[in-house]
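First up is the structure itself, then whatever we jot down about it.
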Amino acid sequence: MNPSQKALSKAKLGHLILKNRIIKAGCFEGMSQDGRVTEALVKHHSDMAKGGVAMTTVAYCSVSADGLAYGHEMHIKKSLIPELKALTRSVHDEDCYASIQLGHCGYFASKKVIKKRPMGASVKFNLFRFSICRKMSKKDINDKIRDFVQAAEIAVKSGFDALEIHAGHGYLLSQFISPYTNKRRDEYGGSIENRMRFPCEVLRQIRNKIGPDVPILVKMNLTDGVKSGLNLEEAIEVAKAFERAGASALVPSSGFTSKTPFMMLRGHVPVKEMVANQVNLLIKLGLTLFGKIMVKEYKYMPLFHFSQTKEVKRVVDIPLIYIGGVTTTQEITKVIESGFDFVQVGRALIHDNEFVKKMYNNELVDEVCDACNRCVAAMDGGGVYCVSKRMGYM
């Protein structure tokens, strides 16, 4: 078996047998206008399935109405089950599994969208939203655990084969894990054990509710990329805690959405396109005047999470799903040959959803994603697509 064949070989994830080791990453699509499952969202994921991935991930989906950052994000609720079933059915029809990324924005939820003051681990000012969140009470924490569990149950009833719990990128669970946002002095703050209490309880209660058969992936941070934030040393302890709490697999990433959003992506920051697609005039003005200061640029390099993720792999026995800087067959081969169980691919599949099919056919991929990140701006302009390819920049 040559290296590329190994990447395309079957592999076990929980109780699922995936037809290959390539998973479409959870990249926010911007296709849930009015919080619904649109035809565009269904087509986006059915196209990914047709392109040959073993599983595609629907993202970002809030577990409750107060966890939304935008009006075109989905809030998981029972009334959406028929629409979600149509989505999962379209993916299953193409011999592909469907996963759904569940999370909550916490302190960077939009006050305009949720119609109330955002909440987080501790009181925190959000420059991007020009808002100050309130500190969550123990009742709030218990309410959010219940919301995560209910959303997971709805997802399973809707036909999703796996769940991805978002505990990275500065989302609510990450806000409890990170010392940058968690300044609490109760049993949910201070030591890493205390900061992991809420995220691990979410995971445990979801597992208790949905049973042992549905894989639960956890997206977590290797580093927040901010001073006094989570570092690799603590991230290793985070990984161990999630394994003990019942995670089926981990997806280690990096960056804090409200502070270092392009750390998780690397490459060009498309300020011009981001300004053009913003409808909030205050944010539009802020990005125009201070975009290059507010949104730090990180140099792109292939497999930019590779060395840090290998450190996590050494300490856990559950599958590690690699993500970060994967755009070529050679890079996928290196990841799988290095012992990673699966690889999540995002922008390269947005650029060419038939990327995996071409691997099966041994076709040479002449054009690859150039990390221009214009697709990120497109999320706020009607839905994600490869702008460079469509506009002929490549």
Side-chain angles (χ1 to χ4, degrees), residues 5-29 31-32 37 41-61 74 76 80-103 151-166 203 206-207 209-219 246-251 318-323 326 332 335-336 340-346 348-350 352-360:
Q5 286 178 326
K6 186 172 182 180
L8 297 175
S9 65
K10 293 180 179 180
K12 193 172 183 180
L13 179 61
H15 288 259
L16 301 179
I17 304 295
L18 274 62
K19 65 183 179 182
N20 60 55
R21 298 165 186 265
I22 304 166
I23 299 170
K24 166 63 175 65
C27 306
F28 176 49
E29 306 91 351
M31 297 175 181
S32 295
V37 180
L41 184 66
V42 174
K43 183 179 186 303
H44 178 78
H45 287 285
S46 64
D47 284 348
M48 291 296 168
K50 289 176 186 176
V53 296
M55 186 161 72
T56 185
T57 310
V58 180
Y60 150 82
C61 305
M74 194 189 307
I76 302 298
L80 287 183
I81 290 178
E83 297 174 21
L84 290 168
K85 279 185 174 180
L87 191 159
T88 56
R89 187 163 51 247
S90 74
V91 171
H92 293 155
D93 285 347
E94 302 298 335
D95 187 29
C96 181
Y97 288 122
S99 178
I100 187 167
Q101 186 186 80
L102 302 176
E153 188 177 21
I154 290 170
V156 172
K157 286 180 178 178
S158 299
F160 283 97
D161 307 286
L163 309 176
E164 181 176 293
I165 307 304
H166 205 331
L203 184 54
I206 289 175
R207 174 59 74 204
K209 187 67 176 181
I210 67 173
D213 294 340
V214 179
I216 303 176
L217 289 59
V218 179
K219 179 166 274 188
S248 306
L250 300 176
V251 188
I318 55 176
L320 257 288
I321 301 174
Y322 180 82
I323 188 171
V326 181
I332 289 176
V335 168
I336 300 304
F340 289 99
D341 302 273
F342 300 93
V343 57
Q344 281 196 357
V345 182
L349 286 168
I350 292 170
D352 183 0
N353 66 280
E354 294 191 337
F355 181 93
V356 181
K357 184 184 289 186
K358 290 176 181 178
M359 286 183 65
Y360 276 107

Original post:
Any side-chain heavy atom of Ile22 within less than 4.5 Å of one from Val345?
Top reply: yes
**OP:** Would you check if the side chain of Thr57 reaches a backbone N or O of Lys24 as a donor-acceptor pair within less than 3.5 Å?
**Re:** yes
Original post:
Got a donor-acceptor contact below 3.5 angstrom from the Arg89 side chain to the Asp93 backbone?
Top reply: no
Original post:
Any donor-acceptor pair under 3.5 Å linking the side chain of Asn20 with the backbone of Lys10?
Top reply: no
**OP:** Check step by step if side chain to side chain contact (heavy atoms under 4.5 Å, CB included) holds for Val326 and Tyr322.
**Re:** CA-CA 9 Å; Val326 181; Tyr322 180 82; 3.6 Å; yes
Subject >> Residue list, side-chain hydrogen bond (donor to acceptor under 3.5 Å, both in side chains) with Glu354, at least two apart or on another chain >> reply: none
**OP:** Take Val58 and Gln101 through the side chain to side chain contact (heavy atoms under 4.5 Å, CB included) test and state the conclusion after the steps.
**Re:** CA-CA 6 Å; Val58 180; Gln101 186 186 80; over 6 Å; no
Subject >> From Lys219 atom NZ to His166 atom NE2, the distance as rounded to the nearest 0.5 Å >> reply: 5.0 Å
Subject >> Under the side-chain hydrogen bond (donor to acceptor under 3.5 Å, both in side chains) test, residues paired with Ser158 that sit two or more places apart >> reply: none
Original post:
Can you name the side-chain hydrogen bond (donor to acceptor under 3.5 Å, both in side chains) partners of Ser46, sequence neighbours left out?
Top reply: none
Subject >> Side chain proximity check, Ile165 to Ile206, heavy atoms < 4.5 angstrom >> reply: yes
**OP:** Please round to the nearest 0.5 Å and tell me the distance separating atom CZ of Phe342 and atom CG of Leu217.
**Re:** 8.5 Å
Original post:
Of the non-hydrogen atoms in Gly346 and Cys27, which two are nearest, and what is the gap between them?
Top reply: CA-SG, 3.7 Å
**OP:** For Arg21 and Leu8, indicate whether the former's side chain and the latter's backbone hold a donor-acceptor pair under 3.5 Å.
**Re:** no
**OP:** Work out which heavy atom in Cys96 is nearest to a heavy atom in Val53; give both atom names and the distance.
**Re:** SG-O, 3.4 Å
**OP:** Would you check if Leu163 and Ser99 make a side-chain contact, meaning some heavy-atom pair closer than 4.5 Å?
**Re:** no
Subject >> For Glu94 against Ala49, the heavy-atom pair lying closest together >> reply: CB-CB, 3.6 Å
Original post:
Are Ile100 and Leu102 close enough that some pair of their side-chain heavy atoms sits under 4.5 Å apart?
Top reply: yes
Subject >> Side-chain touch Ile154/Leu80, heavy atoms, less than 4.5 angstrom >> reply: no
Subject >> Minimum heavy-atom distance Leu203-Ala247, with the two atoms named >> reply: CD2-N, 3.6 Å
Original post:
Does Val343 reach the side chain of Ile23, with side-chain heavy atoms less than 4.5 Å apart?
Top reply: no
Original post:
With no hydrogens and no angle check, is any side-chain donor or acceptor of Gln344 less than 3.5 Å from a backbone partner on Ile323?
Top reply: no
Subject >> Where Asp161 and Val214 come nearest, the two heavy atoms and their spacing >> reply: O-CG1, 3.5 Å
**OP:** Report the distance from atom CD1 of Ile321 to atom CG of Leu13, rounding to the nearest 0.5 Å.
**Re:** 5.5 Å
Original post:
Do Tyr97 and Val91 come within less than 4.5 Å of each other through their side chains, counting heavy atoms only?
Top reply: no
Subject >> Ser90 vs His45, side chain to side chain contact (heavy atoms under 4.5 Å, CB included): CA-CA, chis, key distance, verdict >> reply: CA-CA 8 Å; Ser90 74; His45 287 285; 5.8 Å; no
Subject >> Lys85 atom NZ: more than 12 heavy-atom contacts under 6.0 Å >> reply: no
Original post:
Is any side-chain N of the basic residue among Asp341 and Lys12 closer than 4.0 Å to the acidic one's carboxylate O?
Top reply: no
**OP:** Check whether any side-chain heavy atom of His44 lies under 4.5 Å from a side-chain heavy atom of Asn353, and answer yes or no.
**Re:** no
Original post:
How many angstroms lie between CD1 in Ile350 and CG in Asp352, if you round to the nearest 0.5 Å?
Top reply: 12.0 Å
**OP:** Could you grab the distance from atom CE of Met48 to atom NZ of Lys50, nearest 0.5 Å is fine?
**Re:** 12.0 Å
Subject >> Trace of the side chain to side chain contact (heavy atoms under 4.5 Å, CB included) decision for Thr56 with Leu349 >> reply: CA-CA 10 Å; Thr56 185; Leu349 286 168; over 6 Å; no
**OP:** Nearest 0.5 Å please: distance from the SG atom of Cys61 over to the CZ atom of Phe160.
**Re:** 6.5 Å
**OP:** Could you pull out the closest heavy-atom pair between Lys19 and Tyr360, with the gap in Å?
**Re:** O-OH, 3.8 Å
